[in-house]
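Heads up: the structure comes next, in structure tokens.
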Amino acid sequence: MEQSSRAASGSSAPFDPWSAAFVADPYPAYAELRATGRAHYFEPTDQWLIPHHADVSALLRDRRLGRTYLHRFTHEEFGRTAPPAEHEPFETLNGQGMLDLEAPDHTRIRRLVSKAFTPRTVEQLAPTVRRLAAGLVDDFVAQGGGDLLTAVAEPLPVAVIAEMLGIPESDRAPLRPWSAAICGMFELNPSEETARAAVRASLDFPAYLRGLIAERRGNPGTDLISALIAAHDEGERLTEQEMVSTCVLLLNAGHEATVNTTVNGWWTLLRHPEQLAALRADHGLLPSAVEELMRYDTPLQMFERWVLDDIEIGGTVIPRGSEVALLFGSANRDPARFPDPDMLDLSRQENPHITFGAGIHFCLGAPLARVELISSFGELLRRAPGMRLVAEPEWNPGYVIRGVKELRVEL
């Protein structure tokens with residue numbers, strides 16, 4: 001443990017998630033973590049950092065770990081302090097979403113929601129996704145370029161999830177701000193200001209959804225909210241809070257990673273002109289290119305798990321009550337799993353990245369995310385073949401959900 005602590009915070013390439021330089025390029029620090037051990041205690045967040053692909057992949061599937069511990073222990077039994085009372089709206093909203101539930105509640109809710117993400121339903125959605133992507137890129141080209149983040153990357157996945165949920169176009173403006181405020185709580189040691197913003201959004205967003213659910217009860221449609229109401233009426237157990245939390249989760253998870261993959265991906269391509277030229281010459285590379293861009297610069301850098309029963313990693317015992325931080329960004333650059341991991345290769349065929357997670361919490365929306373990414377990258381390649389960077393982007397301060405503030409380009 002002593003050696004691991006030094007590797008985490010006292011090296012020439014320190015793991016420092018609050019450093020702008022680290023956020024801009026965390027990969028040298030990851031390489032040092034992998035070289036110096038398999039589990040590193042990081043005192044500032046009271047977490048164990050897990051940097052290797054094999055360990056991250058195995059622990060995502062290990063039932064001795066969980067996204068919550070409250071299905072087995074009280075806060076006191078687990079040696080943890082309950083969240084502050086003023087955070088209750090956020091805790092209730094987040095805690096009833098399937099991402100933070102374990103079996104049997106997770107199993108029940110995921111079974112219902114998964115019906116909206118079958119290969120057949122995603123295939124049926126694909127023309128809508130392509131139409132939305134084409135419209136956004138048409139507008140972007142007509143304006144001669146601009147900020148790729150706000151013009152294309154953000155609006156597309158938000159519009160797709162809003163369409164699925166049946167949220168009217170006139171009501172969509174607050175969705176992204178609500179989501180950003182709530183997701184701020186997933187960063188390491190969030191400030192009280194961040195918590196207050198998350199609590200406000202955790203009140204306003206559910207209030208809107210409860211009104212929409214009430215409307216759909218009287219006037220059902222073909223959207224997912226109507227389907228969840230129908231499933232409940234047909235005997236599937238789903239509380240209104242679970243329905244609200246599920247809708248919020250679908251919006252948050254359904255666009256945060258896609259937004260950052262799009263923008264970080266183009267930033268990567270513009271810094272690798274030979275790879276971009278190959279992609280422009282052969283759009284058939286798009287499927288493998290999207291997978292490689294998700295591996296090369298992972299949008300969700302870290303995923304956390306509670307240790308429900310003692311585990312051992314590389315001779316280090318991590319006791320029950322601990323928290324592990326699974327470093328997706330490091331795992332996706334692990335030379336033990338990927339040949340030449342720091343090289344961008346859009347034609348890479350064997351690419352077992354873990355950007356979408358693994359195990360029971362594997363991302364339900366992965367097939368839809370791939371359709372969105374291939375659609376938006378494809379439209380931009382076709383309609384804006386001469387896209388050039390105007391200025392080097394500045395990174396957002398958040399490390400867990402990692403992306404740039406804007407990506408300004410000209411055509």
Side-chain angles (χ1 to χ4, degrees), residues 15-18 22-23 26 42 44-50 56 59-60 65-70 80 83-84 86-102 106 154 157-158 161 175-206 244-261 263-264 298-306 323-331 354-357 361-365 369 395-405:
F15 179 88
D16 184 0
W18 301 284
F22 172 84
V23 171
F42 188 55
T45 59
D46 188 23
Q47 292 174 317
W48 289 87
L49 308 177
I50 311 298
V56 171
L59 291 176
L60 285 169
L65 281 75
R67 282 290 294 168
T68 183
Y69 53 79
L70 294 175
R80 293 283 164 171
E86 58 269 25
H87 295 182
E88 187 276 330
F90 167 80
E91 297 297 334
T92 296
L93 179 65
N94 190 58
Q96 294 301 306
M98 61 183 168
L99 185 62
D100 275 60
L101 289 172
E102 295 296 325
H106 172 271
E154 281 186 346
V158 172
I161 293 295
L175 295 180
R176 172 68 171 166
W178 281 336
S179 175
I182 291 167
C183 288
M185 287 294 277
F186 304 141
E187 294 297 335
L188 298 173
N189 298 354
S191 67
E192 273 308 305
E193 181 183 355
T194 297
R196 284 192 294 270
V199 167
R200 283 194 300 271
S202 299
L203 292 169
D204 294 343
F205 198 174
V244 167
S245 294
T246 295
C247 292
V248 171
L249 171 63
L250 288 175
L251 176 73
N252 293 350
H255 84 278
E256 287 289 349
T258 309
V259 169
N260 288 332
T261 297
V263 182
N264 297 1
T298 309
L300 183 67
Q301 290 282 310
M302 170 192 289
F303 216 77
E304 296 154 321
R305 288 284 196 278
W306 296 107
E323 189 176 34
V324 295
L326 307 176
L327 301 181
F328 282 20
S330 175
I354 54 170
T355 301
F356 290 120
H361 289 290
F362 179 80
C363 178
L364 258 182
W395 290 88
N396 285 314
Y399 156 69
V400 175
I401 302 173
R402 178 173 167 273
V404 298
K405 293 182 178 179

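Small disclaimer: the values here were computed from a predicted structure and weren't measured. Below, each value reflects all heavy atoms present in this structure, side chains not excepted, and no hydrogens, waters or symmetry copies.
Taking each heavy atom of Ser245 and Gly97 in turn, the nearest pair found is CB-N, 3.5 Å. Between Ala201 and Ile182 the shortest heavy-atom distance is CB-CG1, 3.8 Å. Between Asn260 and Pro299 the shortest heavy-atom distance is CB-CB, 3.9 Å. Across all non-hydrogen atoms, the minimal contact from Thr258 to Gly254 is OG1-O, 3.8 Å. The shortest non-hydrogen separation linking Ala197 to Ala181 is O-CB, 3.7 Å. Across all their heavy atoms, Val56 and Ile354 have their closest contact at CG1-CD1, 3.1 Å.
Proximity of Leu65 to Val324: side-chain heavy atoms (C-beta onward) are separated by under 4.5 Å at one or more points. Contact check for Pro206 versus Leu93: side-chain heavy atoms found under the 4.5 Å cut-off. The side-chain heavy atoms of Phe356 and Leu364, taken from C-beta on, include no pair separated by under 4.5 Å. The shortest distance between side-chain heavy atoms of His361 and Met98 does not fall below 4.5 Å. Looking at Leu188 and Trp18, their side chains come closer than 4.5 Å, going by heavy atoms from C-beta outward. Between Val404 and Asn396 there is no side-chain heavy-atom pair separated by less than 4.5 Å. A 4.5 Å side-chain heavy-atom check between Leu60 and Phe328 finds at least one atom pair inside the cut-off. No side-chain heavy atom of Leu70 sits under 4.5 Å from any side-chain heavy atom of Glu102.
For the side-chain hydrogen bond (donor to acceptor under 3.5 Å, both in side chains) condition, the pairs that include at least one residue of residues 194-204, sequence neighbours left out, are Ser191-Thr194. The salt bridge (Lys or Arg N to Asp or Glu O under 4.0 Å) analysis of residues 89-99, with sequence neighbours excluded, yields no pairs.
For His255 (side chain) and Leu251 (main-chain N/O), a donor-acceptor pair under 3.5 Å exists by modelled atom type. In this structure a side-chain-to-backbone donor-acceptor pair under 3.5 Å is present from Glu187 to Val400. Judged purely by atom type and a 3.5 angstrom limit, Arg305 has no side-chain atom pairing as donor or acceptor with the backbone of Ala325. Between the Thr68 side chain and the Leu101 main chain, no donor and acceptor come within less than 3.5 Å of each other.
Ring pair Phe15/Tyr399: centre-to-centre distance below 6.0 Å.
When the side chain to side chain donor-acceptor pair (under 3.5 Å) test is applied to Asp46, the partners found at least two apart in sequence or on another chain are Tyr41.
Separating the OG1 atom in Thr92 from the NE2 atom in His87 is a distance of 12.5 Å, to the nearest 0.5 Å. With values rounded to the nearest 0.5 angstrom, Phe42 atom CZ is found 12.5 Å from Glu323 atom CD.
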#### Entry: side-chain contact (heavy atoms from CB on, under 4.5 Å) evaluation trace for Glu88 with Val199
CA-CA 8 Å; Glu88 187 276 330; Val199 167; over 6 Å; no
### Task
Dump the intermediate steps for side-chain contact (heavy atoms from CB on, under 4.5 Å) on Asn94 and Met185, then the final yes or no.
CA-CA 10 Å; Asn94 190 58; Met185 287 294 277; over 6 Å; no
### Message
I'd like to know whether Thr355 forms a side-chain contact (heavy atoms from CB on, under 4.5 Å) with Leu300, so could you lay out the CA-CA distance, the side-chain angles of the two residues, the decisive distance to 0.1 Å, and finally the verdict.
### Response
CA-CA 7 Å; Thr355 301; Leu300 183 67; over 6 Å; no
### Query
Would Arg402 and Met302 satisfy side-chain contact (heavy atoms from CB on, under 4.5 Å), going step by step from the backbone distance to the final call?
CA-CA 10 Å; Arg402 178 173 167 273; Met302 170 192 289; over 6 Å; no
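The cationic atom of Arg67 (NZ for Lys, CZ for Arg) does not lie both less than 6.0 Å from the six-membered ring centre of Trp306 and within 45° of the ring axis.
Counted by atom type alone, Ser179 and Asn252 present one or more donor-acceptor pairs between their side chains at under 3.5 Å.
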